[in-house]
Amino acid sequence: MSSQQNSSEIKLQVSYARPSSDTIKDANLYISGLPRTLSQPELEDMFACYGRIINSRVLVDQASGLSRGVAFIRFDKRAEAEDAIKHLNGNTPPGSSEPITVKFAANPNQTRNSQMMSQMYHGQSRRFGGPVHHQAQRFRFSPMSVDHMSSGGGSSGNSPSGWCIFIYNLGQEADEAVLWQLFGPFGAVVNVKVIRDFNTNKCKGFGFVTMTNYEEAAMAIHSLNGYRLGDKVLQVSFKTSKGHK
DNA sequence: TGTCATT
């Protein structure tokens, strides 16, 4: 009696590794700006007519479990991937308001070089160290009063497990610790991320913070928008999906 | 000055 089969069934696909060759090299695509509602099969449907899809993945935000609107698709051949870029890059999928970006994915092991490079410039990263913390603490709030509109309902930046905040005008040396320091005093912070250039590993000037409670997030935004960090003035707002005309 | 996440 086999007891392995319950109500759910998992199928494993096993195959020989494909021999590496130039025609199948660099056939991996990075797609961003996808509708958050798009599932992996739907994604594959969009791309299937340009070639044979070897595999695909939709990135999911760990905190919320929702799609991040970013995906990868590996085609069988590079020419197929190029074709997909030509036809789909900049297109707006039916029912969406936002064009997608389709381009070749960066190779993850390129990161190593740049990370080593950034260690060599270790020298001057303490510029925002000290006073940041107590500046933010001046904006106290009362945590007792904030539970009635915790999540949901809004139209920007919210998700089942938090409110996503966009922070613009971070310095190149900014890191996650700075974001924790800035937003932590305002309430429950679920997650922070500094967006870095893939090649240089320098901060691209912006980042994201997810906070659990709407009122705390709103207070943080109110207080930190316009805040001077190092020699830059931050712009802080709920995350939008890009293009806000 | 300018803006949304690279498995």
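Residue numbers begin at 1 in each chain, while the letters A, B, ... track the order of the sequences. It should be emphasised that the depicted structure is a prediction, and the values quoted were computed from it without experimental measurement.
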Student: For Phe72(A), run the side chain to side chain contact (heavy atoms under 4.5 Å, CB included) check against Leu59(A), Ile31(A), Leu29(A) and tell me which one passes.
Tutor: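 It is Leu59(A); the other options fail the test.
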Student: Return the value, rounded to whole Å, for the distance between atom CG of Leu34(A) and atom P of dA5(B).
Tutor: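 From Leu34(A) CG to dA5(B) P: 11 Å.
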Student: Measuring centre to centre across the rings, with the benzene-like ring taken for any Trp, is Phe75(A) within less than 6.0 Å of Tyr50(A)?
Tutor: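 No, ring centres 6.0 Å or more apart.
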Student: Roughly how many Å is it from CD1 in Ile195(A) to P in dC4(B), rounded to a whole number?
Tutor: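 Nearest whole value for this atom pair: 10 Å.
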Student: Of all the nucleotides listed (dT7(B), dT3(B), dT6(B)), which has the minimum atom distance to the side chain of Tyr30(A)?
Tutor: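 Minimum distance to the Tyr30(A) side chain belongs to dT6(B).
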Student: Rounding to a whole Å, what distance do you find between Lys239(A):NZ and dC4(B):P?
Tutor: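 Between P of dC4(B) and NZ of Lys239(A): 9 Å.
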Student: Please compare Lys232(A) and Val70(A) by the position of their nearest nucleotide in DNA chain B and report the one closer to 5'.
Tutor: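 Its nearest nucleotide being more 5', the pick is Lys232(A).
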Student: Under 4.0 Å: is that the gap between some side-chain N or O of Tyr168(A) and OP1 or OP2 of dT3(B)?
Tutor: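 No, no such contact exists.
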Student: Both Phe166(A) and Arg196(A) contact DNA chain B. Taking the nearest nucleotide for each, which residue is further toward the 5' end?
Tutor: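 The 5'-side residue here is Phe166(A).
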Student: Could you tell me whether Glu82(A) and Arg78(A) have a side-chain N and a carboxylate O separated by less than 4.0 Å?
Tutor: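 Salt bridge present between Glu82(A) and Arg78(A).
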Student: In whole angstrom, what separates Asn28(A)'s CG from dT7(B)'s P?
Tutor: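 From Asn28(A) CG to dT7(B) P: 11 Å.
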Student: Report which part of the nucleic acid Phe208(A) touches: base, sugar-phosphate, or nothing (heavy-atom distance under 4.0 Å, all strands).
Tutor: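 The residue Phe208(A) makes base contact.
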Student: Looking at Phe104(A) versus Tyr30(A), is the centre-to-centre ring distance below 6.0 Å?
Tutor: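 For Phe104(A) and Tyr30(A), the ring centres are not under 6.0 Å apart.
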Student: Which listed nucleotide (dT6(B), dG2(B), dA5(B)) is nearest to the side chain of Leu59(A)?
Tutor: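 Ranking dT6(B), dG2(B), dA5(B) by closest atom to the Leu59(A) side chain puts dT6(B) first.
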Student: Quick check on the 6.0 Å ring-centre criterion: do Phe166(A) and Phe206(A) meet it?
Tutor: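 Distance test on ring centres: under 6.0 Å, yes.
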Student: Out of dA5(B), dC4(B), dT7(B), which nucleotide sits closest to the side chain of Ala105(A)?
Tutor: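 Of all the options, the side chain of Ala105(A) is nearest to dT7(B).
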Student: Just how far, in rounded Å, is P of dT7(B) from NZ of Lys103(A)?
Tutor: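 One finds 13 Å between P of dT7(B) and NZ of Lys103(A), rounded.
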Student: Can you figure out which of dG2(B), dC4(B), dT6(B) approaches the side chain of Phe198(A) most closely?
Tutor: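 Of the options given, the side chain of Phe198(A) lies nearest dT6(B).
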Student: Could you tell me the separation between the CD1 atom of Ile167(A) and the P atom of dT3(B), rounded to a whole number of Å?
Tutor: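 Nearest whole value for this atom pair: 17 Å.
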Student: Please report the distance, rounded to the nearest Å, between CZ in Phe75(A) and P in dT7(B).
Tutor: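 Rounded to the whole Å, the gap is 20 Å.
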Student: Rounding to an integer number of Å, can you tell me how far Asp61(A) CG sits from dC4(B) P?
Tutor: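 It works out to 18 Å between those atoms.
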